[in-house]
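Please read the structure below before turning to the comments.
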2 protein chains.
Amino acid sequence: MPAEISGLRMTRQRWEVYRLLMEQRDHPTANDVFIRIKDRLPNISLATVYNCLEALVQHGVIRQVNFERESSRFCPNLEEHGHFHDKRSGTIHDVTFKPGVNLADVLNLPPGTLITDIEITLRGELPVS
Amino acid sequence: MPAEISGLRMTRQRWEVYRLLMEQRDHPTANDVFIRIKDRLPNISLATVYNCLEALVQHGVIRQVNFERESSRFCPNLEEHGHFHDKRSGTIHDVTFKPGVNLADVLNLPPGTLITDIEITLRGELPVS
DNA sequence: ATAGAAATTAGAATTATTCTTGCACGGTCG
DNA sequence: CGACCGTGCAAGAATAATTCTAATTTCTAT
Ligand SMILES: [Mn+2]
Ligand SMILES: [Mn+2]
Ligand SMILES: [Zn+2]
Ligand SMILES: [Zn+2]
């Protein structure tokens with residue numbers, strides 16, 4: 001376990017939460033993480049899972065993703081990407097942009113607007129197998 | 001008051017909620033609507049505001065917009081657009097796309113993917129006056 | 001007008017998340 | 001080594017947006 005990641009001091013709990021996200025690159029909720037991590041940290045509390053996820057998000061190590069009013073999900077992919085929600089399977093997939101595309105260029109915004117964050121969410125159905 | 005809008009039977013409450021959204025074209029929360037509408041419907045309940053908003057959303061008359069984990073907001077603009085959240089003022093602004101732009105063309109998706117809905121959210125700061 | 005269906009109301013319930021409090025840990029310094 | 005100090009953790013309570021329940025009212029259609 002490294003002493004810190006991106007300036008965030010590592011603890012056993014933070015490290016295991018981080019590793020779990022990196023290993024299974026889906027988009028689990030805090031509760032999903034809580035359930036999955038019990039193997040390795042049987043005594044961890046849900047509050048600590050929330051605390052660890054928040055610390056990791058605030059240090060830019062993972063991203064928090066929201067769909068409608070559902071529970072937040074957490075994503076270890078730091079590349080610029082959007083999220084596709086497949087209605088059929090209920091799964092969430094990372095979606096990248098075609099090369100050379102700059103989202104901001106495509107929007108009508110007053111000149112001088114400072115964009116700090118863009119979020120793209122799609123819903124639909126992936127083609128059958 | 002029309003008998004219905006987009007197949008949704010109008011009631012006094014639905015009509016006033018709808019009118020309020022159309023008049024003040026900001027992005028109020030359910031509670032904002034509840035407070036503002038008390039002039040016209042002093043006895044309306046918050047549950048009814050939620051019910052009316054849900055009915056209007058489900059009939060495609062208004063749109064529901066979510067930012068992070070904040071309360072849902074409601075938008076009467078049915079044109080395709082995204083939402084810019086200005087950190088300085090806390091206000092939300094509709095953002096249109098440049099002409100001829102098709103969001104789906106810009107994304108890497110498996111061929112045959114059916115997209116039913118795209119949502120774009122931006123955060124940042126608008127230029128000072 | 002009457003009966004059935006649908007909407008509204010008030011307040012309780014739900015649930016994801018945050019907060020509070022006391023305890024444990026780990027490094028530091030005498 | 002052993003007291004100290006700051007931070008993190010665990011457990012459970014609190015919070016708040018939203019949804020649900022049950023009773024009443026309003027609407028629609030006969
Ligand atoms: Mn889940
Ligand atoms: Mn508000
Ligand atoms: Zn992702
Ligand atoms: Zn809008």
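So you know, we letter chains A, B, ... as the sequences are listed, proteins then strands, and number each from 1.
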What does Gln13(A) touch in the nucleic acid at a heavy-atom separation under 4.0 angstrom: a base, only the sugar-phosphate, or nothing?
->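 The answer is sugar-phosphate, as Gln13(A) gets under 4.0 Å only of primed atoms, P, OP1 or OP2.
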For Asn43(B), answer base if it contacts any base atom (sugar-phosphate contacts may also be present), sugar-phosphate if it contacts only those atoms, and nothing otherwise; contact means non-hydrogen atoms under 4.0 Å.
->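 Counting heavy atoms under 4.0 Å across all strands, the contact made by Asn43(B) is with sugar-phosphate only.
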Would a 4.5 Å heavy-atom cut-off, applied to side chains only, mark [X] and [Y] as touching?
{"X": "Met1(A)", "Y": "Arg14(A)", "result": "no"}
{"X": "Arg88(B)", "Y": "Val128(B)", "result": "yes"}
{"X": "Asp94(B)", "Y": "Cys75(B)", "result": "yes"}

Estimate the overall bend of the helix from dA1(C)-dT30(D) to dG30(C)-dC1(D) from the end axes over five pairs each, rounded to 10 degrees.
->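 One end axis against the other gives 20°.
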Is the shortest side-chain N to carboxylate O distance from Glu54(B) to Arg69(A) below 4.0 Å?
->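 Salt bridge flag = no for Arg69(A) with Glu54(B).
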Round to a whole Å and report the spacing from [atom1] of [X] to [atom2] of [N].
{"X": "Glu68(B)", "N": "dA17(D)", "atom1": "CD", "atom2": "P", "result": "16 Å"}
{"X": "Asp32(A)", "N": "dA16(C)", "atom1": "CG", "atom2": "P", "result": "11 Å"}
{"X": "Arg69(B)", "N": "dT15(D)", "atom1": "CZ", "atom2": "C1'", "result": "14 Å"}

Indicate whether any N or O donor in one side chain lies under 3.5 Å from an N or O acceptor in the other, for Thr48(B) and Asn51(B).
->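 No, no side-chain donor-acceptor pair sits under 3.5 Å.
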Would you call the rings of His27(B) and His81(B) parallel, tilted or perpendicular if under 30° counts as parallel and over 60° as perpendicular?
->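 The rings of His27(B) and His81(B) sit tilted, inter-plane angle from 30° to 60°.
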Steps toward side chain to side chain donor-acceptor pair (under 3.5 Å) verdict (Arg63(B), His83(B)) | CA-CA 12 Å; Arg63(B) 294 174 50 181; His83(B) 290 102; 5.0 Å; no
Nucleotide by nucleotide, nucleotides 25-30 of chain D touches protein heavy atoms under 4.0 Å in the pattern (B base, S sugar-phosphate only, - none) --SS--
Identify, residue by residue, the members of residues 47-67 of chain A with a heavy atom below 4.0 Å from DNA chain D, and return them in order of residue number, or none.
->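 Residues of residues 47-67 of chain A under 4.0 Å from DNA chain D: Ala47(A), Thr48(A).
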Name the closest nucleotide to the Leu46(A) side chain, picking from dT9(C), dA10(D), dT17(C).
->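 The answer is dT17(C), which lies nearest to the side chain.
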